[in-house]
Amino acid sequence: MKSHLDDDKPIFQQICEMMEEDILDEEIREGDKIPSTNEIANFYRINPATAGKGIQSLVDKSIIYKRRGIGMFVEEGAKQKLIEERKQEFMKNYVQPLIHEAKRLQVNKKEIISYLEKEEEI
């Protein structure tokens, strides 16, 4: 887990995103138990309800699941689900604007692909 929280986003959202990052980076693997909301709250010195709200958003997205009396665990397939979600965000936030601007500047697909292939060599 990241050692500090930012003021830029709601704390519960940061908790959710940090867990997602840990899953994507395989610091927490599918099937692993995650820290409890109380452990997260104590670590960041936040209200347990805030930590719980961040964790609940992962439950709602079927990234983690609860086992009563045992804890919360990473779902099988969670990493791939997060990758697909992030790919969609990437396409929307970066590729679509790139395509829009390329059209405005009359940059064709071949030029873009050539540039990308050149960049891969670095």
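Numbers here simply count residues along the sequence, with the first being 1.
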Practice task
Kindly determine whether Glu85 and Glu20 satisfy side-chain contact (heavy atoms from CB on, under 4.5 Å), including the steps that lead there.
Solution key: CA-CA 11 Å; Glu85 180 182 300; Glu20 288 178 349; 4.1 Å; yes
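Remark: the backbone N or O of Lys110 is paired with a side-chain donor or acceptor of Asn108 at under 3.5 angstrom. Distance alone, capped at 3.5 Å, is enough to place a donor-acceptor pair between the Gln14 side chain and the Lys9 backbone. A donor-acceptor pair under 3.5 Å is formed between the side chain of Glu39 and the backbone N or O of Ser36. At least one donor-acceptor pair under 3.5 Å links the side chain of Glu30 to the backbone N or O of Gly77. Here the side chain of Asn93 pairs a donor or acceptor atom with the backbone of Glu89 at under 3.5 angstrom.
The line from SG of Cys16 to CD of Glu21 is 10.5 Å long, rounded to the nearest 0.5 Å. If you take CD1 on Ile23 and CZ on Arg29, they are separated by 12.0 Å, rounding to the nearest 0.5 Å. Note that the CD1 atom of Ile15 and the CD1 atom of Ile55 stand 7.0 Å from one another [nearest 0.5 Å]. Atom CD1 of Ile46 is separated from atom CD1 of Ile11 by 6.0 Å, given to the nearest 0.5 angstrom. Thr50 contributes atom OG1, which lies 13.0 Å from atom CD of Gln13 (distance to the nearest 0.5 angstrom).
With a 4.5 Å cut-off on side-chain heavy atoms, Lys66 and Gln56 count as touching. With contacts defined as side-chain heavy-atom distances shorter than 4.5 Å, the pair Ile83/Gln80 qualifies. In this structure the side chain of Thr37 reaches within 4.5 angstrom of the side chain of Met72, judged on heavy atoms.
Ile70 and Ile63 fall into different hydrophobic clusters, where Ile, Leu, Val, Met, Phe, Trp and Tyr side chains are chained together by heavy-atom contacts under 4.5 Å. If you chain together hydrophobic residues whose side chains sit under 4.5 Å apart, Ile34 and Leu24 fall into the same group. Note: the hydrophobic cluster containing Tyr115 does not contain Ile99 (ILVMFWY, side chain heavy atoms under 4.5 Å, direct or indirect links). Leu98 and Ile113 are members of different hydrophobic clusters when ILVMFWY side chains are connected at heavy-atom separations under 4.5 Å.
Under the ring pair (Phe, Tyr, Trp, His ring centres under 6.0 Å) criterion, the residue pairs touching residues 71-113 are Tyr65-Phe73, Phe90-Tyr94, with sequence neighbours excluded. Under the ring pair (Phe, Tyr, Trp, His ring centres under 6.0 Å) criterion, no residue pair touches residues 5-25, with sequence neighbours excluded.
Looking at every heavy atom in both residues, Met19 comes nearest to Pro35 through CE-CD, 3.8 Å.
Taking a cutoff of 4.0 Å between a charged side-chain nitrogen and a carboxylate oxygen, Glu84 and Lys81 do not qualify as a salt bridge. A salt bridge links Lys79 with Glu26: the closest approach of a Lys/Arg side-chain nitrogen to an acidic carboxylate oxygen falls below 4.0 angstrom.
Heavy-atom contacts from other residues, nucleotides or ligands closer than 6.0 Å to CZ of Arg86 number more than 12.
For Lys53, there are no salt bridge (charged side-chain N to carboxylate O under 4.0 Å, His left out) partners two or more places apart in sequence or in a different chain.
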